[in-house]
2 protein chains.
Amino acid sequence: MTQDLPGFDLEHYVPYQFSVISAQLSANLAALYRDRFGISVAEWRILVNLAYSDSRTVRDIQQRVRLDKAKVSRAVVQLESRGLLTKEIDGTDRRLLHLELTDAGRQMVCELVPLANKFQDQVAQKLSLDIADLQSQLAHLMKELSDGETL
Amino acid sequence: MTQDLPGFDLEHYVPYQFSVISAQLSANLAALYRDRFGISVAEWRILVNLAYSDSRTVRDIQQRVRLDKAKVSRAVVQLESRGLLTKEIDGTDRRLLHLELTDAGRQMVCELVPLANKFQDQVAQKLSLDIADLQSQLAHLMKELSDGETL
DNA sequence: TCAAATTCGTTTCAGTTGCAACAAATTTCT
DNA sequence: AGAAATTTGTTGCAACTGAAACGAATTTGA
């Protein structure tokens, strides 16, 4: 005779729920970015960072948007070949690569951001939570997870 | 002169937040499952489903835990080779494959579930939300996303 | 000063992924 | 009944992924 199973419900298991929701959101967003602008989610994150932060090098961006540095490197190649950004070697430390949006890149960000915001609003509408609440709850959890050791 | 950028903050962009949190949780859980039991997250989901639902075939499991059917198929090969489940062809529809936990499989689930629950509790502690609240909010969003068209 | 250690971005490589093709089995439709 | 369409699970394949190796550049420290 085998021992009794302890109770468990995958459908309400929080890590599973996050995984399912994240995958769904990601798929929808990826389709949006791809269909209308021909870029990937990684490329989108990089464009946004160049537009809205002072992260200028692969290293800075890598830490900021939590992408593998290989992934950043490859995405940057794409973006450069499409004329959305330029690469320039730093004058004082020639290991560093300075990235800069081109006008076309900035233009694309201008068009993309409203769509991205609209998408987020639609998600928030599906929840009873206020969007600002949701954002701050998630920001809090993000911070907790990246700091502390879990288990 | 380029047009002004509309406001945007990636760090508080909900789909991005979900992606980061999900990746972090997933990495932690994957390490837990791998180190202590030598199984993957996909294998874990399959074990749990066999233990707690009446999903018995690859098709049922595929829909229930939202895994690609190829992924289920490959994970099942692994689980069978480790003696955690058995495959048996359905008597009346020989396309169907009935899966069944072995005693060893059930035993592993018994040991894993408390760890998984503990992990979830630690996550919930990091939020001000009650865990039941969190679960039901997420369940609601999951449902909304899988139903309606988004954008 | 200069050898060792570190940092940066790219590339290589082996493992994973998911889509599509596939064979086997069943169901549908006439 | 039986040809066509559908369903099921597996496999082939090409794209993607991330860890590690790598060369170039810089920093450290003896």
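Hydrogens, waters and symmetry mates play no part in the numbers below; they use all other heavy atoms, side chains included. Order of the sequence lines sets the chain letters (A, B, ...), proteins ahead of strands, with each chain counted from 1.
- Side-chain contact of B:Q125 with A:E144: a donor-acceptor pair under 3.5 Å is absent, judged by distance alone.
- Between B:Y33 and B:S40 the shortest heavy-atom distance is CD1-O, 4.4 Å.
- Remark: A:R64 CZ to A:D60 CG distance equals 9.0 Å, nearest 0.5 Å.
- Residue contacts shown for B:T92 are limited to sugar-phosphate atoms, with no base heavy atom under 4.0 Å away.
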Enumerate, atom names and distances included, each donor-acceptor pair closer than 3.5 Å involving a side-chain atom of residues 86-95 of chain A, sequence neighbours excluded.
from: A:D90; atom 1: OD1; to: A:T92; atom 2: N; distance (Å): 2.6
from: A:D90; atom 1: OD1; to: A:T92; atom 2: OG1; distance (Å): 3.0
from: A:D90; atom 1: OD1; to: A:D93; atom 2: N; distance (Å): 2.9
from: A:D90; atom 1: OD2; to: A:H98; atom 2: NE2; distance (Å): 2.8
from: A:D93; atom 1: OD1; to: A:R95; atom 2: N; distance (Å): 3.0
from: A:D93; atom 1: OD1; to: A:R95; atom 2: NE; distance (Å): 3.1
from: A:D93; atom 1: OD2; to: A:R95; atom 2: NH2; distance (Å): 2.8

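- Atom CD in B:E80 sits about 9 Å away from atom P in D:dT10, given to the nearest Å.
- Atom P of nucleotide D:dA15 and atom CD of A:Q78 are separated by 13 Å, given to the nearest angstrom.
- For the pair B:V14 and A:Q120, the tightest heavy-atom approach, listed with the atom from each and the gap, is N-OE1, 2.8 Å.
- Note: CZ (B:R56) to C1' (D:dT8) measures 18 Å, nearest angstrom.
- Counting to the nearest Å, the P atom of D:dT8 and the CG atom of B:D90 are 12 Å from each other.
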- Contact string for nucleotides 8-18 of chain C, one letter per nucleotide 5' to 3', B = base within protein heavy-atom range under 4.0 Å, S = sugar-phosphate only, - = neither, reads SBBBB----SB
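- With sequence neighbours left out, the salt bridge (Lys or Arg N to Asp or Glu O under 4.0 Å) criterion links B:R66 to A:E11.
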